[in-house]
2 protein chains.
Amino acid sequence: MQRATRDDVARLAGTSPAVVSYVLNNGPRPVAPATRARVEQAIAELGYRPNLVARALRSTRSNVLGLVVPDSSEGYFTQLTHAVERAAFARGSLVLLGNSAFSREQELRYAESLANMRVDGLLLVRAEIAGAAATHSTLDVPVVYLHHRAPSGSAAPSVVLDNKAGGRLTTEHLLGHGYREIGCLTGTARSGPVADRARGWTEAMRAAKRSTGNVVRTGLDRHAARADIRRWLQSPERPRAIMATADGLALDTLTVAAELGLSVPKDLAVIGFGGTDAAAHSWPALSTAGHSFDDFADAAVSTLDELRENTQPEDRVLDVHLTARASCGCE
Amino acid sequence: MQRATRDDVARLAGTSPAVVSYVLNNGPRPVAPATRARVEQAIAELGYRPNLVARALRSTRSNVLGLVVPDSSEGYFTQLTHAVERAAFARGSLVLLGNSAFSREQELRYAESLANMRVDGLLLVRAEIAGAAATHSTLDVPVVYLHHRAPSGSAAPSVVLDNKAGGRLTTEHLLGHGYREIGCLTGTARSGPVADRARGWTEAMRAAKRSTGNVVRTGLDRHAARADIRRWLQSPERPRAIMATADGLALDTLTVAAELGLSVPKDLAVIGFGGTDAAAHSWPALSTAGHSFDDFADAAVSTLDELRENTQPEDRVLDVHLTARASCGCE
DNA sequence: GTGAAAGCGCTAACAT
DNA sequence: ATGTTAGCGCTTTCAC
């Protein structure tokens, strides 16, 4: 049996298709109560459900948002994805998900597919990799950058954390514990959120007249990252405390420390960045700086809304809070 | 400036709109090389990109799949979601994601929205909760159940792990290490994948003439789960080894053990289930049973394809492999 | 308050 | 090999 269409409903209700629309959308024209009742009756009887594809074609709203992240299975992106999906659904939209796999090319491929799908907007979490930052200006779709600022040359708004201030915050917290040798564990990208956090560390260390020489940079491969951390922790350069620019790095540090028989925070204090759930569930529990993911996602979706309404939205910079747990020496 | 449509392309190429379609879709009619070149030239010149919404309305294929999981930020579902998205994209489809938040009602709400969006198919990971299992038969969309078998009364195919065999496998592995008192840490649901794994434990224990009395059941709240585990590990009933029916539970056990100063595997051996990445990165590394997520996702997407082609597909039961690491006493 | 009709951008059957 | 045309199911303007 075929799915009922709006015409079927109209026929059964003894009215015109237009009226069915008016009832469904509560407008733009009024409908007499009696007619409305008949239409609703017919809808129920037929189990009618509007075809959203047709609606999207006719109107110019699909109630679908596109979200592209580098890797939706990485802790931080996982939670961001989850929060965005929830925030979108709460406002009546569904989310089309894309994984760019940290590749600009793949990022663009997804952005194009999503744009062709006529999503209402694109939420883009750029990969932190080197290489030309393709602006997606030709896409003809509202774009909001998340987590990472918009590439230079793009007029698109962004919603990002106050990463540098956060980097200062976590570093100052370690300083406050009285640690003097504080190392920085960070990524290899020269710019982007992670680099900004490292910059915060540098600033805080400078302000405290401490050396800014003890930095370890590591890439995306988790296995290699652990090897780098292991080498560091076994070397004479092993710091008393580590400010990691992402929770994943901090968690790996915890694991390597356990493996080497180093006690955290007694032998080594560790603080992360991102505010992920995983930080709350490690042993010892990881102190971390971050911003509520739900808030972040709300800001993202509402910035997209503003953009659609042509009020050129401001870039949003979310302040970063510290959640102090055992790993830094608190508790 | 407005987006170019197919008619614009046709006009510029000096041909009819149909030919543009033929070029775009490589059929169903042949196009002369010269004409094709002109069309392609026009497409490039205008930066034309087909409107997939219109295409979806006209044909009856949207190239969009719906995926509903209980919580896309939980380790296992995170990886399944990631794998499904990749598998779908590899076959030219995008994925609309939904989080049912372990609620039947929400599950249904998503399934309906997705069906109204005319997705090509629905991949449903049912929540393991009590309550009437709403069949989605009225949805008029191909449905494949993942992870959890189809609810009774539904004719939809499913792709699931061989959970009971897997439960036997992990338990037998612990038995093979020589542990005699092996406890089972599992969820509260009476049926479903997790319950089946526990059943495998029971079978293996019976076969080995061991007591099947040492079982702890815990719910979805992670904090409460930890409290339950803590109580267990501090009680006289503390087993020598624990077979956990999900990696999350096993990981929590590792954390509680560390917290209590219990050494794994010396004081307590632990084995998980799910084959998640997190298991590879804990300390000690967690032994776990599972099946490749990529494989799982491929099976899911191809089962959906078969369903669309009306060849009523078989239920697929994926065999479960053991990845032995340090937590059970291997290495 | 309701109906008729145009058209969103596309596919594909039917013409030529 | 290419052009013409009828819809897919809907929203909304315009007439009544």
Side-chain angles (χ1 to χ4, degrees), chain A residues 1-40 42-43 46-64 113 115-120 140-141, chain B residues 1-40 42-43 46-64 113 115-120 140-141:
Chain A
M1 182 195 116
Q2 272 301 333
R3 229 180 222 276
T5 74
R6 192 207 42 172
D7 284 20
D8 297 327
V9 175
R11 210 169 302 125
L12 182 60
T15 124
S16 80
V19 173
V20 179
S21 267
Y22 301 153
V23 170
L24 249 53
N25 306 335
N26 245 323
R29 316 256 31 201
V31 175
T35 322
R36 154 167 274 125
R38 281 205 333 275
V39 169
E40 275 163 353
I43 288 174
L46 295 172
Y48 167 74
R49 304 256 232 35
N51 181 329
L52 300 184
V53 172
R55 175 176 294 175
L57 177 60
R58 181 58 234 241
S59 52
T60 33
R61 218 180 182 308
S62 61
N63 286 308
V64 173
S113 296
N116 295 350
M117 213 59 100
R118 297 307 189 264
V119 293
D120 292 337
D140 215 6
V141 156
Chain B
M1 182 195 115
Q2 270 302 332
R3 228 181 224 275
T5 75
R6 191 209 43 175
D7 284 19
D8 297 328
V9 175
R11 209 169 302 125
L12 182 59
T15 127
S16 80
V19 173
V20 179
S21 266
Y22 300 153
V23 169
L24 250 53
N25 307 334
N26 245 322
R29 318 256 31 203
V31 175
T35 321
R36 153 168 275 124
R38 282 206 330 278
V39 168
E40 275 162 354
I43 287 175
L46 295 171
Y48 167 74
R49 302 254 235 34
N51 182 330
L52 300 185
V53 172
R55 173 176 295 174
L57 177 60
R58 181 58 234 237
S59 52
T60 34
R61 221 183 181 306
S62 61
N63 287 309
V64 174
S113 296
N116 295 349
M117 213 59 100
R118 298 306 189 265
V119 293
D120 293 337
D140 216 6
V141 156

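Note that the coordinates shown come from a computational prediction; the quantities given were computed from them, not determined experimentally. Protein chains get the first letters and strands the later ones, always in sequence-line order, with residue 1 at the start of each.
D:dC10 atom P lies 15 Å from atom CG of A:Asn63, rounded to whole Å. Put simply, CG on B:Asn116 is 10 Å from P on D:dC10, counting in whole angstrom units. Whole-Å rounding puts the A:Arg49 CZ to D:dG9 P distance at 15 Å. Distance, A:Leu24 CG to D:dC10 P: 8 Å, rounded to whole Å. A:Leu46 has its CG atom 14 Å from the P atom of D:dG9, to the nearest Å. As rounded to whole Å, 13 Å separates atom P of D:dG3 from atom CG of B:Asp7. Taking atom OH on A:Tyr48 and atom P on D:dC10, their separation rounds to 3 Å, with Å as the unit. Atom CZ in B:Arg61 sits roughly 23 Å away from atom P in C:dG9 (whole-Å rounding).
Here B:Thr35 reaches the OP1 or OP2 of D:dT2: one of its side-chain N or O atoms lies under 4.0 Å away. The phosphate of D:dG3 has OP1 or OP2 within less than 4.0 Å of a side-chain N or O from B:Thr15.
Minimum interatomic distance between B:Arg36 and B:Val31 (heavy atoms only, all atoms of both residues): N-CG1, 3.7 Å. When all heavy atoms of A:Pro17 and A:Ala10 are compared, the closest pair comes out as N-CB, 3.5 Å.
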Taking only distance into account, with no hydrogens and no angle test, what donor-acceptor pairs under 3.5 Å do side-chain atoms of residues 47-58 of chain B form with protein atoms, sequence neighbours excluded?
residue	atom	partner	partner atom	Å
B:Arg49	NH1	A:Asn116	OD1	3.2
B:Asn51	OD1	B:Val53	N	2.8
B:Asn51	OD1	B:Ala54	N	3.1
B:Arg55	NH2	B:Asn25	OD1	3.4

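Across all strands shown, A:Asn25 has heavy atoms under 4.0 Å from sugar-phosphate atoms exclusively, and none from any base. A:Ser21 comes within contact range of at least one nucleobase, with a heavy-atom separation under 4.0 Å.
Residues of residues 50-60 of chain A that place a heavy atom closer than 4.0 Å to DNA chain D, in numerical order, are A:Pro50, A:Asn51, A:Ala54, A:Arg55, A:Arg58.
Two residues are said to be in side-chain contact when any heavy atoms from C-beta on lie closer than 4.5 Å; B:Ile43 and B:Leu24 meet this criterion.
Residues passing the side-chain hydrogen bond (donor to acceptor under 3.5 Å, both in side chains) test with B:Arg118: none are found, sequence neighbours excluded. Among residues two or more places apart in sequence or in another chain, the side-chain hydrogen bond (donor to acceptor under 3.5 Å, both in side chains) test is passed with B:Ser62 by B:Asp120. Checked against side-chain hydrogen bond (donor to acceptor under 3.5 Å, both in side chains), A:Arg29 has no partners two or more places apart in sequence or in another chain.
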Verify side chain to side chain contact (heavy atoms under 4.5 Å, CB included) between A:Met117 and A:Val64, making sure each step is shown before the conclusion.
-> CA-CA 9 Å; A:Met117 213 59 100; A:Val64 173; over 6 Å; no
Evaluate side chain to side chain contact (heavy atoms under 4.5 Å, CB included) for B:Val23 paired with B:Val20, printing each intermediate quantity in order.
-> CA-CA 5 Å; B:Val23 169; B:Val20 179; 5.7 Å; no
Short heteroatom pairs, N/O only, protein and nucleotides 13-16 of chain C, under 3.5 Å:
residue	atom	partner	partner atom	Å
C:dA13	N6	B:Tyr22	OH	2.7

